[in-house]
K.L.:
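I have a structure I would like to understand better, so I am pasting it below and will then ask my questions one at a time.
When a residue number appears, it is its place in the shown sequence, counting from 1. Any value given below was found using the heavy atoms of this structure, including those in side chains, with hydrogens, waters and symmetry copies removed.
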Amino acid sequence: MRRVLVVAGMIGGMISGTAAYAGDAATSQKWQGFYGGFAIGGVYGTSSPDTTVSDGSYFNTGNIDKLNSTFQEDIEGTALSGSGLLGYDVQDGNLVYGIEVDLTGMNYSETENSGAVIYPSDSTISFDVSTKVESKFAFSIRPKIGYSFGDTMVHVAAGPTVSRFKYSFKFSDTSNPAAASFSDEKTAFGVSSTIGVSHQIGDGWSLRGDYVFTYYPDIVDGSHLLSAPASQTDVFTHDADFQSHNIRIGLIKRF
């Protein structure tokens with residue numbers, strides 16, 4: 001009987017200790033409240049133009065497919081980024097809910113040049129194409145959810161994003177010569193998502209590493225005719241999307 005009572009006491013102690021630990025975890029507020037910080041990273045961006053030209057009075061029908069496939073070559077490149085972050089979290093046990101505002105600056109400017117492309121219908125004539133995409137910032141608001149492991153938290157988030165894009169297009173050939181140019185600036189809306197991990201290092205400070213994906217389905221709209229030779233009916237139509245992948249490391253302060 002004595003052994004039974006001792007074992008029962010041990011089990012009871014273990015249960016009460018576990019319950020106390022669970023209670024402490026449930027009431028822990030390590031990730032509760034307002035925070036702000038900054039992050040630096042590297043951005044890889046790519047745009048997929050859907051630029052086309054119609055079969056009008058200048059271009060030979062047999063050249064249209066070659067022209068359009070050249071116009072639609074991807075534009076891609078990298079840039080450094082800097083981000084300012086501001087947010088608020090509510091912790092419920094191990095779960096952390098919140099919302100975050102993210103303003104990211106970057107000097108993204110990439111050009112795709114395709115030079116001396118031979119026309120299929122005439123090997124003595126070639127054309128050149130230059131397409132450029134620029135973006136300097138992205139502003140995002142992302143609701144998020146995380147899971148706390150004490151001093152470490154993982155989170156995912158997704159929400160709307162906005163940026164402004166500059167797009168330019170130039171075409172020329174060696175025949176007459178023919179020429180066309182187009183430029184546009186547009187404020188574009190898209191979606192942004194992140195996955196990240198944070199670790200507290202003391203006194204309200206934490207280190208964060210995250211991956212941010214953004215997608216803008218429509219960064220340019222427009223159409224125009226050949227500017228030379230004059231009085232041609234061939235219509236250039238422009239459409240493009242943009243997506244970026246940003247890997248960052250940041251320093252966050254909770255208040």
K.L.:
If the threshold is 4.0 Å, N to carboxylate O, is there a salt bridge linking R208 and E100?
P.N.:
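Judged by the 4.0 Å cut-off on N to carboxylate O distance, R208 and E100 do form a salt bridge.
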K.L.:
Do Y216 and F189 have ring centroids that are under 6.0 Å from one another?
P.N.:
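They do not qualify: ring centres at least 6.0 Å apart.
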K.L.:
Do S114 and E73 get their side chains close enough for a donor-acceptor pair, meaning under 3.5 Å?
P.N.:
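Yes - a donor-acceptor pair under 3.5 Å links their side chains.
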K.L.:
Does the distance from a Lys or Arg side-chain N to an Asp or Glu carboxylate O, for E110 and K132, drop under 4.0 Å?
P.N.:
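Salt bridge: no.
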K.L.:
For S54 and D234, which I'm curious about, is there any donor-acceptor pair between the side chains at under 3.5 Å?
P.N.:
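The criterion, which ignores hydrogens and geometry beyond distance, is not satisfied for D234 and S54.
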K.L.:
Check this for me, if you would: do D89 and R254 make a salt bridge, where the nitrogen-to-carboxylate-oxygen distance has to be below 4.0 angstrom?
P.N.:
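Here D89 pairs with R254 in a salt bridge, since their nearest N and O are under 4.0 Å apart.
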K.L.:
Assess the side chains of Q200 and S206: does a donor N or O sit below 3.5 Å from an acceptor N or O?
P.N.:
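Note: Q200 and S206 side chains miss the donor-acceptor criterion.
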K.L.:
Ignoring hydrogens and angles, state whether a donor on the side chain of Y119 or D173 is under 3.5 Å from an acceptor on the partner side chain.
P.N.:
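Yes, side-chain donor-acceptor contact under 3.5 Å.
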K.L.:
Report yes if the distance between the aromatic ring centroids of F34 and Y88 is under 6.0 Å, otherwise no.
P.N.:
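Close enough - the centres of the two rings lie under 6.0 Å apart.
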K.L.:
When the ring centroid of F149 is compared with that of Y147, is the distance short of 6.0 Å?
P.N.:
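Yes, they do, as the ring centres are separated by less than 6.0 Å.
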K.L.:
If we ignore angles and hydrogens, is there a donor and acceptor under 3.5 Å between the side chains of D122 and T124?
P.N.:
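There is such a pair between these side chains.
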K.L.:
Taking atom CG of L251 as the centre, report whether more than 12 heavy atoms of other residues, nucleotides or ligands fall under 6.0 Å from it.
P.N.:
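Enclosed: over 12 neighbouring heavy atoms sit under 6.0 Å from CG of L251.
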K.L.:
Under 6.0 Å from the CZ atom of F213, do we count more than 12 heavy atoms belonging to anything else shown?
P.N.:
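Above 12, so yes.
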K.L.:
Any side-chain to backbone donor/acceptor pair from D50 onto D239? Under 3.5 Å, distance only.
P.N.:
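Checked: no pair found.
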K.L.:
Would you please say whether a donor-acceptor pair under 3.5 Å links the side chains of T104 and S83?
P.N.:
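Short answer, yes.
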K.L.:
Is the F182-F236 ring centre distance short of 6.0 angstrom?
P.N.:
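No, too far apart.
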K.L.:
Does the distance from a Lys or Arg side-chain N to an Asp or Glu carboxylate O, for K186 and D218, drop under 4.0 Å?
P.N.:
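Yes, this pair counts.
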K.L.:
Ring centroids only, cut at 6.0 angstrom: are Y108 and F242 within range, meaning strictly under it?
P.N.:
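Y108 vs F242: aromatic centres under 6.0 Å.
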K.L.:
Hey, does the side chain of Q243 reach the backbone of S47 with a donor-acceptor pair shorter than 3.5 angstrom?
P.N.:
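Side chain of Q243 to backbone of S47: no pair is present.
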K.L.:
Give the intermediate values and the outcome of side chain to side chain contact (heavy atoms under 4.5 Å, CB included) for residues Y215 and D241.
P.N.:
CA-CA 8 Å; Y215 176 67; D241 67 358; 3.4 Å; yes
K.L.:
H238 vs H224 aromatic rings, parallel, tilted or perpendicular, using cut-offs 30° and 60°?
P.N.:
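The rings of H238 and H224 lie parallel, inter-plane angle below 30°.
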